[in-house]
Amino acid sequence: MAGWAIAVHGGAGVDPNLPQHRQEEAKRVIARCLDIGISALRSSLPAVDVVELVVRELESDPVFNSGRGSALTEKGTVEMEASIMDGEGRRCGAVSGLTTVKNPVSLARLVMDRSPHSYLAFSGAEDFARLHGVEVVDNDYFITEDNKGMLKLAKEANTIMFDYRIPTLVPDTCAASVENPLLMNGLPVSLYAPETVGCVVVDGQGRCAAATSTGGLMNKMCGRIGDSPLIGAGTYACGLCGVSCTGEGEAIIRGTLARDVAAVMEYKGLGLQAAVDFVVKERLDEGKAGMIAVSRNGEVACGFNTNGMFRGFATEGGFMEVGIW
Amino acid sequence: MGWAIALHGGAGDISLSLPPERRLPREACLRHCLQLGVDALKSKKSPLDVVELVVRELENNPHFNAGRGSVLTSNGTVEMEACIMDGNTMKCGAVSGLTTVVNAISLARLVMERTPHIYLGFDGAEAFAREHGVETLDASHFVTPENIERLKQAKEANRVQIDYTQPMQKNGKDTATANGDSQIGTVGCVAVDNDGNLAAATSTGGLVNKMVGRIGDTPIIGAGTYANSLCAVSATGTGEAIIRGTVARDVAALMEFKGLSLEEAAACIVKERVPKGNVGLVAVSATGEVTMPFNTTGMFRACATEDGHSEIAIWPSMKD
């Protein structure tokens, strides 16, 4: 048996000026979540339980954009989405348009386990959450001061923020005077917009699973569905591998990125890292994105065409890494 | 090389004894829609325009589960969804949870062309429709007496239709309903023109007695709908099986990564990669081939190619 492996991400596309202390903070969260996953794997939890557990942790931490800390819609509300897939039997569950569910990934799991469907959204998903007594909180819980400021900036610039993009119309005239050109109430603010989270795991028995959760894009239209809940786009797992993607949702959807990693392994015979490299190179058009993946053989891989991706890996063999750039 | 078009009105357990009053209007609709598509291709309309046009016509026909004639949720409401994709540009648009939009497929096209997003759902999609002055009607317009009866039967049988594998399905495999065709859902169309441009479109009302908020395979790029420079695919059947199998993308992936022909790729997916009794699809390739495999009892389908081949059928043909 090849041994377990785990990979975690907190989004691709990182502000190059992200202050050191916030880089360290993000790395600490990744490392902490990785540790939770490692302990679970050591106590022989199945892969699908581990990805859920780890993504719940990431959702609960406001550093990344999912659950608490989610990006805001144009109306200033939060609409969260998530999906989970168990490589065994390719079972899957997904949710979109959640406004009060504390842990979207766990509701996705319930859709997979307790509904006849694969995907529930908006009020129907909220009703389903209440039916199952899932923990709910007021929508305000998810909204952070940082993100209110980001939304204001995005609106002023009249742009949808693809997480890491600098709003295009912000005048750069003040750039010379301060390190960071964006001002809010006369004070410089960080461009750092937290992002999607995901986890992929292969357990000691070679079972793969993947889960992804997000608040979506800053200043997105109400009702917008991105790649995270879409099986084959943001999330995919089968007998061969588990994949979770992050970045520009629309490019990930068009490229069916997560499924394509598995498809080139299956149909082209590539190894895991080669498959990830191929997909990042050949299957993304102009879009920017990144992904993490594990194979049933206990390998981990990542790839991105953004300037960075918050990520961490660990394998049973003792390899462990947490990185951004 | 030549143009080709294929369309479907759903795959499922279509009883061989389907009474003529249920069969004939559907066959007539397929014939009418096929002709509409063929004429459009002959007058050099783009495949994207052709698939939208044909799916609009299918949506408007109450005999198929899309637009007016959509099946009902457990609350007795209609929630429609649709998806369109252009093979050349890989641009795509999708909508879910529509309650008043007359032609879901045209709203999907507007999402593709007029928003920075690909996919809008529920209230946000309805608000977007109103912003763009898309034709809407009271939600009751979409509810047909036939579908009220189907929901009643489904509720009596305590069944959410079509899913054979999930734990909630306590009484095992269900037999077909009294009508023998109430599981049939979804309409779709794929087309290629003389220059090899491809497009795919799919639209549905979903499952009888589905949970409110349920999203199926139809609006999901790579599951129910997909097009690229090689082929265009529209799938139908058990949504959950099609999502898991990433059916539409996998037909294209087999051609792209394994060098299979359209027919081989589609047959491989339908015969080997999804559970029997669940899935059908229509597909065309850039070189004008067409294929319409299914592993259900039947699939309402029609196709035509420039070299004169034309077919309208429900059950397996003799050569199968």
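Every chain is numbered from 1, with letters handed out A, B, ... down the list of sequences.
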Q) How far apart are the closest heavy atoms of A121(A) and I215(B), and which atoms are they? A) CB-CD1, 3.6 Å
Q: Could you check if a side-chain atom of M211(B) sits within less than 4.5 angstrom of a side-chain atom of D127(A), using non-hydrogen atoms only?
A: no
Q) Do M221(A) and P116(B) have side-chain heavy atoms sitting under 4.5 Å apart? A) yes
Q.
Only pairs of heavy atoms separated by less than 4.5 Å count here; which of D227(A), L270(A), D260(A), D285(A) has the most with chain B?
A. D260(A)
**Q.** Portion of A263(A) that has a non-hydrogen atom of chain B nearer than 4.5 angstrom
**A.** both
Q: Would you give the length of the straight line joining atom OG1 of T115(B) to atom NZ of K220(A), rounded to the nearest 0.5 angstrom?
A: 13.0 Å
Q | Heavy-atom closest pair, residues C92(A) and R244(B) | A | SG-CG, 4.1 Å
Q: Below 4.5 Å from any heavy atom of chain A, which atoms of I220(B) appear? Answer side chain, backbone, both or neither.
A: side chain
Q. Using the benzene-type ring in the case of Trp, are the ring centres of F257(B) and Y267(A) under 6.0 Å apart?
A. no
Q | Engaged part of A253(B) at the chain A interface, taking heavy atoms whose separation is under 4.5 Å | A | both
(Q) Distance check, rounded to the nearest 0.5 Å: L230(A) atom CG versus I243(B) atom CD1? (A) 9.0 Å
Q. Do H117(A) and L207(B) come close enough that some side-chain heavy atom pair is under 4.5 Å?
A. yes
Q | Approximate separation, where rounding is to 0.5 Å, of S123(A) OG and D123(B) CG | A | 7.0 Å
Q.
Quick check on the interface: out of M85(A), K75(A), E266(A), who has the most heavy-atom pairs with chain B under 4.5 Å?
A. E266(A)
Q. Picking from I225(A), T73(A), V95(A), which has the most non-hydrogen pairs under 4.5 angstrom with chain B?
A. I225(A)
Q) Counting heavy-atom pairs under 4.5 Å to chain A, which of K258(B), R249(B), E79(B), K91(B) comes out on top? A) R249(B)
Q. If every non-hydrogen atom of S118(A) is compared with every non-hydrogen atom of E240(B), which pair is closest and at what distance?
A. OG-CG, 3.0 Å
Q.
What verdict does the side-chain contact (heavy atoms from CB on, under 4.5 Å) test give for E256(B) and R283(A), after you've listed the backbone C-alpha separation in whole Å, the side-chain angles of each residue and the deciding distance to 0.1 Å?
A. CA-CA 12 Å; E256(B) 198 170 333; R283(A) 298 285 305 161; 3.4 Å; yes
Q | chain B contacts, top residue of Y236(A), F128(A), F122(A) (heavy-atom pairs, under 4.5 Å) | A | F122(A)
(Q) Around atom CZ of R130(A), are there more than 12 heavy atoms from other residues, nucleotides or ligands closer than 6.0 Å? (A) yes
Q | Residue part contacting chain B, namely of R259(A), when any heavy atom lies under 4.5 Å | A | side chain
